[in-house]
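Working notes for the structure below.
Any value given below was found using the heavy atoms of this structure, including those in side chains, with hydrogens, waters and symmetry copies removed. Reminder, nothing fancy here: chain letters follow the sequence lines and each chain counts from 1. Computed from a predicted structure; not experimentally measured.
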There are 2 protein chains.
Amino acid sequence: MPPRKGRTALTRAELDSWRAFIETTEELRTAIEGRLQSDSGISAGDYRVLLELSEAPERRMRSSHLADAIGWERSRLSHHLGRMEKRGLIAREAAKGDNRGAEAVLTDEGRDALRRSSVPHFHAIRELFLDALTPEQLAAARDLAETLSGHLAGKRGATAP
Amino acid sequence: MPPRKGRTALTRAELDSWRAFIETTEELRTAIEGRLQSDSGISAGDYRVLLELSEAPERRMRSSHLADAIGWERSRLSHHLGRMEKRGLIAREAAKGDNRGAEAVLTDEGRDALRRSSVPHFHAIRELFLDALTPEQLAAARDLAETLSGHLAGKRGATAP
DNA sequence: CCAATGTGGTTGACATGTCAATTATAGGCG
DNA sequence: CGCCTATAATTGACATGTCAACCACATTGG
């Protein structure tokens, strides 16, 4: 029988492809995050939280629901909400049905910060990402994302159920 | 004339592709870094530094050269080398020709840590990345990396020369 | 009812990253 | 030589991320 996948050492081409891919996506991420920070004074984490809250009913969400929605650990979210609260971007209130719980609420200031950031952020996405790619490449990027995302989801379920 | 690139708002498909791509690559990165940390007790930053030093003549490099090679700011490297030195993975020595300079040297312990980490790390790359992709998708990933990397390099030169 | 266990969330300790300021030396030039 | 500017690297302050420990309330079985 042929060797199974995952059994053989990496070829030079495989290693090169991996390094190019991971280093470039990392570079892209920091470039976009840097633009967001310098254009609008908010971090990528801030943006992610603001966006999710802005789309929630009444602009509020249970902490654990928010953490699930953006794929963060609860501890990370708790620290981040603390920092955002200190800056007035969100507020924290006790949850209605469960006295253990907390809800994060988007403040007017947070909503304004999100609005102000959107146009420059979209501009950066276009300039640094979309403008670089042909339609075929963009489709390939999406295909890659969906394939890898599905693969990772399977691994997560398989190794830590 | 047709509207220039970068002038129009993002379409839904463009935004969805961007989000899928950036969030998935981020997830992949943290997954691989987590494996490296739990398998071998070293961070992605440690690995990057150890690898670069291990391939340098006499396993030593000037700080600024090392920073350029791995694309880090010197301040970041200085902090990181300080932590690695404390753990015995590298040592710092004065540069020969220039009394301002510092050289980072790979210690035996650092070399051993790199060796021990390689097999599990390659295994993780295969399992979480290569195994997910068809040969065509891997080629597409490499093509995307090269296109985006070139594009970003152009932007860097254009906006901060 | 109430003790054991589970769940939601916070906290503290520490690793990592960025930015601006600082220190020390090099090199050019009057 | 002695000043001026540039370069190499470090430092401090602070934002962010992870992990493990913890607190408070909820739930449930006897």
Task: First of T30(B) and K86(A) reached from the 5' end of DNA chain D, by closest nucleotide - done: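 Counting from the 5' end, the first nearest nucleotide belongs to K86(A).
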- [ ] Using heavy atoms to find the nearest nucleotide of DNA chain D for H65(B) and G97(A) separately, return the residue whose nucleotide is more 5′.
- [x] H65(B)
Task: Rounded distance (Å) that lies between atom P of dC19(D) and atom CD of E33(B) - done: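 Those two atoms, CD and P, are 11 Å apart.
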Open item on the list: Output the rounded distance in Å from NE2 (H79(B)) to C1' (dA9(D)).
Closed with: 11 Å
Hey, does the side chain of [X] reach the backbone of [Y] with a donor-acceptor pair shorter than 3.5 angstrom?
X: R35(A); Y: S40(A); value: no
X: T25(B); Y: I22(B); value: yes
X: S78(B); Y: R74(B); value: no
X: R126(B); Y: A9(A); value: yes

Open item on the list: For Y47(A), give me all partners under ring pair (Phe, Tyr, Trp, His ring centres under 6.0 Å), at least two apart in sequence or on another chain.
Closed with: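 Y47(A) satisfies ring pair (Phe, Tyr, Trp, His ring centres under 6.0 Å) with H121(A) only.
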Task: Pairs flagged by side-chain hydrogen bond (donor to acceptor under 3.5 Å, both in side chains) wherever residues 103-119 of chain A is involved - sequence neighbours left out - done: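 Of all non-adjacent pairs touching residues 103-119 of chain A, those that pass side-chain hydrogen bond (donor to acceptor under 3.5 Å, both in side chains) are R59(A)-D108(A), R60(A)-E103(A).
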Task: N99(A) vs dA26(D): side-chain N/O to OP1/OP2 distance below 4.0 Å - done: yes
- [ ] Walking along DNA chain C from 5' to 3', note the first and the last nucleotide with an atom under 4.0 Å from a heavy atom of chain A, and give both.
- [x]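 From 5' to 3', the first and last contacting nucleotides are dG6(C) to dA13(C).
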Open item on the list: R142(A): which residues meet the salt bridge (charged side-chain N to carboxylate O under 4.0 Å, His left out) condition with it, sequence neighbours left out?
Closed with: E146(A)
TODO: Report the residue (E103(A) or E26(A)) whose heavy-atom-nearest nucleotide on DNA chain C is the more 5′ of the two.
DONE: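 Mapping each residue to its closest nucleotide by heavy atoms, the 5'-most match is E103(A).
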Can you give me the N/O atom pairs linking the protein to nucleotides 4-8 of chain D at distances under 3.5 Å, or say none if there are none?
from   : atom 1 : to      : atom 2 : distance (Å)
dT7(D) : O2     : R100(B) : NH1    : 3.0
dA8(D) : O3'    : R62(B)  : NH2    : 3.3

Task: Inter-residue atom distance L53(A).CG - R48(A).CZ, 0.5 Å rounding - done: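 Nearest 0.5 Å value for the CG-CZ distance: 10.5 Å.
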Please set out all donor-acceptor pairs under 3.5 angstrom arising from side-chain atoms of residues 65-72 of chain A, sequence neighbours excluded.
none

Heavy atoms only, 4.0 Å cut-off, all strands: where does [X] land among base, sugar-phosphate and nothing?
X: R92(B); value: sugar-phosphate
X: S43(B); value: sugar-phosphate
X: H80(A); value: sugar-phosphate

